[in-house]
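Right, one structure below, let's go through it.
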Amino acid sequence: MTSTPASAPALPTASAMDFPADFVWAVATSAFQIEGAHDADGKGPSVWDRFCRQPGVIADGSNGDTACDHYQRWEQDLDMIRDLGVDAYRFSVSWPRVRPSGDGDWNEAGLAFYDQIVDGLIARGIKPYLTLNHWDLPQALQDIGGWGSRATVDRFVEYAIGIAKRYGDRVVSIATHNEPWVVAQLGHETGIFAPGLKDRALAAQVSHHLLVSHGLAISAMRALKLKASLGIVLNLAPMYPATDSEADRAKAVLEDGKLRRWYMDPLFKGSYPQDVIDDLGEAAPRVQPGDMDLIRVPIDFLGINYYSRVMVSADGSFDAKKSGLELTDMDWEVYPQGLTDLLVRLHREYPVPRLYVTENGGAFKDPVGADGRVHDEDRTRYLDTHIAAVGDALRQGVPMGGYMVWSLMDNFEWASGYVKRFGIVHVDYATQRRTPKDSALAYRDFVLRQRALRQRRG
Ligand code: IFM
């Protein structure tokens, strides 16, 4: 990795905070967004491979066929992670790479790829954090109903057991799903993500199946007595009413129910929130007897992906772009206080044993400077203030285990294609050249300083 420029920015706000000695500093990616090699060595197609083929669904008409070519360049990428000095790396396994049709035969070449990743990380002193489902369902399962079908729950449990048996004593943690809300809502209600369906009742049923599959997979993996800790990752954003009007406040409560309580209540209380059930009416999911007990099984950790808060107005009139608020390139507000508020609230309202920020970061326009560097001051400031927000949550007693930057490198940002850049490492897609941005150097320096403090404390 390039050496730190003399003027390298530090993370001054975060550096002033206290983090526990065992706090995990990490970077994160997901399989579909970086691997490419969409049909290499026996891999089957995923719903995202198929979805990207539809005209007009991806902003730049791109797909994940090559992405960051990580499948070929994994060694160089693992070296890059090592050079960042982080403790851990969060990645996902591509289900159709290891079990191409989601059923039947496993693909040894695909499994061997992740052996290399896991062993390569361990050899470099980096702890592997594995996610099972970061949205790339085998297309063959979609063809027979996908997450709308209860049979997919059984296929997912088989997948979880297979992966857990293979890697579960080498990885530090296994998360069942990444952001089930996205799969259900964006994939099945608004249809802007794969598999591109638009059916409210189906989306509700999908969310229920994802939760049941989570609970069953956790129980099945628990029975294997693995070293890995087990959990799930949710995308949560605190909802704030845009005005003090009763209508806006009521709408904010309902929206909070749809995003946060819809997942947190079944996971930790064993029930769906009644206001959201009422709102769904006929579209409410079919719940079989015993399902809620299956979902509410003890987990070791909860991962939170946080990017922004959401401002809610009853008539939909709030427009972030006209608000004058500071926005990222996704038009998401930069609001670190929302992260502290969210973490503290989760800790107070639910018996969560341990929390991780499993994703946090920002997309910004990142021109490469004349000096060949990317001076991403906005992202660096974003990381600084959000890490400090985690420090604030710790100070208020939240059992935080770690913080993971989204993302290690620029990658395929789903419906936004390659237009939006979240990486702390710049990727030139024409050459696949990786260039650490200033934010990467600042994060590295911050993490190294944390490690030095840790060693000094003994
Ligand atoms: O890129 C995504 C990631 O796959 C899931 N969480 C949000 C990120 C930014 O949109």
Side-chain angles (χ1 to χ4, degrees), residues 26-36 46-49 51-52 57-60 62-64 67-68 70 89-95 129-137 175-187 190 192-195 207 210 231-238 259-260 263 302-310 320 327-335 338-339 342 356-366 376 378-379 382-383 386 403-427 429 439:
V27 286
T29 63
S30 85
F32 190 81
Q33 293 178 275
I34 65 165
E35 285 179 4
S46 75
V47 288
W48 272 94
D49 288 306
F51 184 67
C52 292
V57 298
I58 309 296
D60 55 1
S62 64
N63 54 51
C68 303
H70 173 71
Y89 174 53
R90 173 175 178 249
F91 67 100
S92 75
V93 170
S94 159
W95 185 351
Y129 279 63
L130 184 152
T131 301
L132 291 168
N133 173 28
H134 201 121
W135 311 349
D136 43 0
L137 180 77
T176 51
H177 298 294
N178 180 73
E179 305 183 358
W181 178 90
V182 170
V183 176
Q185 268 4 84
L186 305 190
T190 64
I192 60 169
F193 277 17
S207 69
L210 287 162
I232 187 170
V233 172
L234 303 180
N235 57 307
L236 298 182
L259 180 68
R260 183 180 66 96
Y263 292 92
L302 174 70
I304 301 300
N305 296 350
Y306 175 85
Y307 290 89
S308 185
R309 68 169 166 176
V310 176
L327 306 179
T328 68
D329 199 25
M330 301 293 281
D331 291 332
W332 298 346
E333 186 193 354
V334 177
Y335 193 69
L339 179 53
L342 173 67
Y356 288 81
V357 172
T358 32
E359 285 181 27
N360 177 242
F364 295 95
K365 296 208 187 304
D366 287 329
D376 56 341
D378 28 23
R379 182 177 293 99
Y382 183 103
L383 297 182
H386 284 77
Y403 173 89
M404 309 185 175
V405 173
W406 186 269
S407 178
L408 164 66
M409 58 184 154
D410 295 334
N411 56 49
F412 179 76
E413 178 50 27
W414 308 110
S416 303
Y418 297 96
V419 178
K420 307 292 181 192
R421 293 178 176 270
F422 274 92
I424 57 173
V425 172
H426 181 271
V427 176
Y429 295 111
S439 56

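Hydrogens, waters and symmetry mates play no part in the numbers below; they use all other heavy atoms, side chains included. Counting starts at 1 for both ligands and their atoms, following the listed order.
Heavy atoms of Tyr306 found under 4.0 angstrom from ligand 1: none, in either backbone or side chain.
For Ser30, no nitrogen or oxygen atom sits less than 3.5 Å from a nitrogen or oxygen atom of ligand 1, counting backbone and side chain alike.
When each atom of ligand 1 is checked for a heavy atom of Trp332 under 4.0 Å away, the hits are 10 (O). Of all atoms in ligand 1, listed by their number and element, those nearer than 4.0 Å to a heavy atom of Glu179 are 5 (C), 6 (N), 7 (C). Numbered from 1 in the order shown, with element, the atoms of ligand 1 that lie under 4.0 Å from a heavy atom of Glu413 read 1 (O), 2 (C), 9 (C), 10 (O). Near Glu359, the atoms of ligand 1 lying under 4.0 angstrom from a non-hydrogen atom of the residue are 3 (C), 5 (C), 6 (N), 7 (C), 8 (C). Heavy-atom proximity to His134, at under 4.0 Å, picks out these atoms of ligand 1: 3 (C), 4 (O), 5 (C).
Taking the six-membered ring for Trp, Trp135 and Phe193 have ring centres closer than 6.0 Å.
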Report task. Could you walk me through whether Val27 and Tyr89 pass the side-chain contact (heavy atoms from CB on, under 4.5 Å) test, one step at a time? Result -> CA-CA 5 Å; Val27 286; Tyr89 174 53; 4.0 Å; yes

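Checking Asn360 against Tyr403 by side-chain atom types alone, a donor-acceptor pair falls below 3.5 Å.
Residues Arg90 and Tyr356 form no side-chain contact, since every pair of their non-hydrogen atoms from C-beta on lies 4.5 Å or further apart.
Ring geometry, Phe51 versus Trp48: the interplanar angle exceeds 60°, so the pair is classed perpendicular (tilted spans 30 to 60°).
Under the 3.5 Å distance criterion, the side-chain polar atoms of Asp329 are left unmatched by any main-chain donor or acceptor of Lys420.
Protein heavy atom closest to atom 8 (C) of ligand 1, with residue, atom name and distance, is Tyr307 OH, 3.4 Å.
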